[in-house]
Every structure is written in C-alpha cells, then in structure tokens.
**Student:** 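Sending over a structure as structure tokens; questions will come in a sec.
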Amino acid sequence: MNKDVQFAGKIGQLASHFPQEWQEYQDWLGDIIAARDVLAERYPAWQVALIFRWRLFYFVTYLASLILLNWLKHLLFESKDLNKKTLSEMDGTMTQSSYRYILQRAATLLAVAELTLCGIAALTGIMLAFYYQPTAMGAYQSLETIAREVANGSLILSLHNIAGNALIIVALIQIIVLFLGREFLLSWFAGWISGILLTLTAIGLSWTAIVLTWEQTSFWRFKVELSTVASIPLVGSLLRNILSGGGGINSSTLQHMYALHSYILAIAAILLSIAHLVALIFQEQSWKSFETLQGKQGGESTPNSDSLSV
C-alpha cells in the first residue's frame, strides 16, 4: 500500500512541473489516493492494488496525452490563431447537452480500454513468443508445453486470448458510441477513421491467429476461409498464395500467419490505439474550449449540426 501511495506521490511531483495541467487535474489524483482506503474496506488487497493502479494508469495516460497536445499546440500555433482555427472547425456536435458529454467521455474511456488491451495482448504475446514454434511439427506441442510446463503459462495464454477477443468487442462498442455521438462528422475525422482501422486490425489479429494453434478445427476452418479468399476476383489467387505461402497449409503458412499476427498487425494495433486515444482527447479539449467560449458569450446560438454533416 505504501509503495503505491508513494508512487502516486511521485506522479504528482512529476505532474507539478506542468502548472497549467496540474492545477486543473490535481484534485483528480487526490481523489484516487483518497479512494484507496475505501477500497481496502471492501476488497482483498490484490484487488485494491489492481483497481488503484488501473486508475493511476488512466490518470497518467490522460494527463500525458493532454500535456503532449498542449505542447504541440503551443509549438505549431499562436494562441489567437489556434482559437480561430479551433472555432472554425467546430460543428454542431459540440453542445452543452449532457447526453453528448456522456458519449464523449465514454469514447475516451473506451479508447483507454483499447490501449490497455493492446498492451496486455502485446506483453503476453512477447512472453508466448519465447516458447512458441511456428512450424507444423512444433506449433501444437509448443502451446501444450506453455500451458502445462511453463510457470503461469496457462494464465499468460488465457490473458492473451481474452485480451484479443475483448479488443474486438470494445472496438465495436466504440464504433457504436462514435456513431451515436455523431463523431463521424468531418471535424472528428481522426478519431473516427482510427477507430474503424483499429477495429479492422483487431479482427485481422483474431483471423491470423486461427491456424496458429494447429488443431483440427482451426486447420479446416482456415482451409475453408482460404478458399473464400481465393474466390475474390482478380486478386484472390494471389492473396491465397501470399497467406498460405503457396500450395497447401503447411509450415510456410504458419510462418506467414505468425509474421502477420506478431509483427505487422500487432504493431499497427498499438499505433492505432495510441492515435485513437490522442485524437479523442484532443476533441474533448476542443469541446471544453468551445463550452468555455459559449459561457463567456452568454447564450449565443450554436450552428445547426445537420448543416455540417458529411
């Protein structure tokens, strides 16, 4: 407990070097620390530590992204020019409606969850890579070795699978939240596009993992889906050969799928989740700036959101 509180204190000391952001969010960190005693009365010690560290992680991620965005804005634009640019890009989606604010906050929280799941999947994937063998003779046996002989191997394997499946679910929910919040409009382009690409990447990660277990079910399922890919006009045969390594499903297929899963798609998912979170935080800050200006202007009408929709 003392170590976690000391760590939170160090975070506060580091954040105090950025007075503008720290003045606004220091009470948030104080609430996180104060809530630990309440958690300790209700939950076991390990759950308290997990919840407390998760809240610290969210606080640090949010504050660091905000500091980075403010630094970039200060670096690239003068204050007046930035305000004019921001206001010119505002559309009717930014209102004082609590419904819209809930959707915006939910989108940011889901983006943090997506980044967390990507981190868990990447970390456990690296651990599994020490033992996994992407060959026809060694794939299934190496997974059995991980599950039965490696310390906590079954837990690591389960976490990797759960994180990958949960990422798809959270990403799909995020798309719904973005749609309901009308964040498919032009001014929300970065968050919307990065969210869609992240969802497709998460599905791709799940698809490339099908054959990596080298079980009967996964083998025949992948064979059927390769046939579907081959039926695509013009490029189907080429895609099938690239994915399978040419010919039938063998060690080359495993190596191709392993490379796509572990390197190309995994790195893309992490980068997209970071870009998605940064975009949503930037939008949230723009929303706050707009609401502040509205308060100062005192009752001026906002533009019609339907007139700005794409």
Side-chain angles (χ1 to χ4, degrees), residues 46 49-51 53-58 60-62 64-65 107-134 139-140 142-148 150-178 191 193-215 217-218 221-222 225 243 253-281:
W46 69 273
L50 184 64
I51 296 172
R53 291 169 187 174
W54 158 253
R55 290 177 175 177
L56 282 180
F57 171 76
Y58 176 61
V60 171
T61 304
Y62 188 93
S65 301
T108 305
L109 290 173
L110 287 171
V112 173
E114 288 172 336
L115 180 58
T116 303
L117 291 171
C118 283
I120 293 174
L123 181 60
T124 54
I126 291 172
M127 294 178 180
L128 295 174
F130 286 117
Y131 300 95
Y132 180 74
Q133 300 176 20
Y140 181 80
S142 62
L143 289 176
E144 284 293 306
T145 301
I146 291 172
R148 298 179 183 277
V150 177
N152 299 317
S154 180
L155 175 62
I156 295 172
L157 189 59
S158 297
L159 282 175
H160 187 71
N161 294 332
I162 292 172
N165 293 328
L167 178 61
I168 297 175
I169 296 173
V170 174
L172 290 173
I173 295 174
Q174 177 75 305
I175 293 297
I176 296 174
V177 172
L178 292 173
I193 294 300
S194 60
I196 293 177
L197 292 178
L198 179 59
T199 304
L200 295 176
T201 303
I203 295 173
L205 282 167
S206 178
W207 187 80
T208 53
I210 291 174
V211 75
L212 295 182
T213 58
W214 204 245
E215 297 175 336
T217 304
S218 62
R221 177 184 171 187
F222 188 74
E225 295 189 1
L243 294 173
T253 307
L254 276 174
Q255 291 167 2
H256 284 209
M257 291 297 100
Y258 182 72
L260 284 172
H261 182 84
S262 301
Y263 300 108
I264 299 175
L265 292 177
I267 294 174
I270 293 174
L271 294 178
L272 285 171
S273 62
I274 294 173
H276 187 59
L277 176 60
V278 171
L280 289 179
I281 291 178

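Note that these values count all heavy atoms, side chains included, but never hydrogens, waters or copies made by symmetry.
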**Student:** Which distance, rounded to the nearest 0.5 Å, do you find between the CG of Leu212 and the OG of Ser142?
**Tutor:** 9.5 Å
**Student:** Checking side-chain contact (heavy atoms from CB on, under 4.5 Å) for the pair Leu115/Tyr58: CA distance, chi angles, key distance, verdict?
**Tutor:** CA-CA 10 Å; Leu115 180 58; Tyr58 176 61; over 6 Å; no
**Student:** Just wondering, are more than 12 heavy atoms of other shown residues or ligands nearer than 6.0 Å to OH in Tyr131?
**Tutor:** no
**Student:** Working note: Val278 + Ile281, criterion side-chain contact (heavy atoms from CB on, under 4.5 Å); need CA distance, chi angles, decisive distance, verdict.
**Tutor:** CA-CA 5 Å; Val278 171; Ile281 291 178; 5.9 Å; no
**Student:** With no hydrogens and no angle check, is any side-chain donor or acceptor of Thr208 less than 3.5 Å from a backbone partner on Leu205?
**Tutor:** yes
**Student:** Quick one: side chains of residues 163-177, donor-acceptor pairs under 3.5 Å with protein atoms, not counting sequence neighbours, listed by atom name and distance.
**Tutor:**
unit_1 : atom_1 : unit_2 : atom_2 : d
Asn165 : ND2    : Asn161 : O      : 3.2
Gln174 : NE2    : Ala107 : O      : 2.9
Gln174 : NE2    : His276 : NE2    : 2.9

**Student:** Please assess Leu280 against Leu110 for the test side-chain contact (heavy atoms from CB on, under 4.5 Å), listing each intermediate value before the final yes or no.
**Tutor:** CA-CA 10 Å; Leu280 289 179; Leu110 287 171; over 6 Å; no
**Student:** Quick one: closest heavy-atom pair of Thr199 and Gly195, and the distance?
**Tutor:** OG1-O, 2.9 Å
**Student:** Under the side-chain contact (heavy atoms from CB on, under 4.5 Å) test against Tyr132, which residue among Thr145, Leu254, Leu157 passes?
**Tutor:** Leu254
**Student:** Would you call Leu243 and Thr253 a side-chain contact if the rule is heavy atoms closer than 4.5 Å?
**Tutor:** no
**Student:** Could you point out which residue of Leu128, Ile120, Ile126 forms a side-chain contact (heavy atoms from CB on, under 4.5 Å) with His160?
**Tutor:** Leu128
**Student:** Could you state the interatomic distance from CD (Gln255) to CG (Leu260), rounded to the nearest 0.5 Å?
**Tutor:** 12.0 Å
**Student:** Measure from the side-chain N and O atoms of Ser206 to the backbone N and O of Ile203, and report whether any donor-acceptor pair falls under 3.5 Å.
**Tutor:** no
**Student:** Nearest heavy-atom pair of Cys118 and Ala269: which atoms, and what distance?
**Tutor:** SG-O, 3.8 Å
**Student:** Looking at side-chain heavy atoms only, is the closest gap between Glu144 and Arg148 below 4.5 Å?
**Tutor:** yes
**Student:** Which value, rounded to the nearest 0.5 Å, describes the distance between Leu265 atom CG and Ile270 atom CD1?
**Tutor:** 11.5 Å
**Student:** Between Trp207 and Phe222, what is the ring plane arrangement, given parallel below 30°, perpendicular above 60°, and tilted in between?
**Tutor:** tilted
**Student:** Side-chain contact, heavy-atom cut-off 4.5 Å: Phe130 with Val150?
**Tutor:** no
**Student:** Can you find a heavy atom in the side chain of Leu178 that is under 4.5 Å from one in the side chain of Ile196?
**Tutor:** no
**Student:** Applying side-chain contact (heavy atoms from CB on, under 4.5 Å), run through Leu123 and Leu159 and close with a yes or a no.
**Tutor:** CA-CA 10 Å; Leu123 181 60; Leu159 282 175; over 6 Å; no
**Student:** Using side-chain heavy atoms (C-beta onward) and a distance below 4.5 Å, is Ile156 in contact with Ile146?
**Tutor:** no
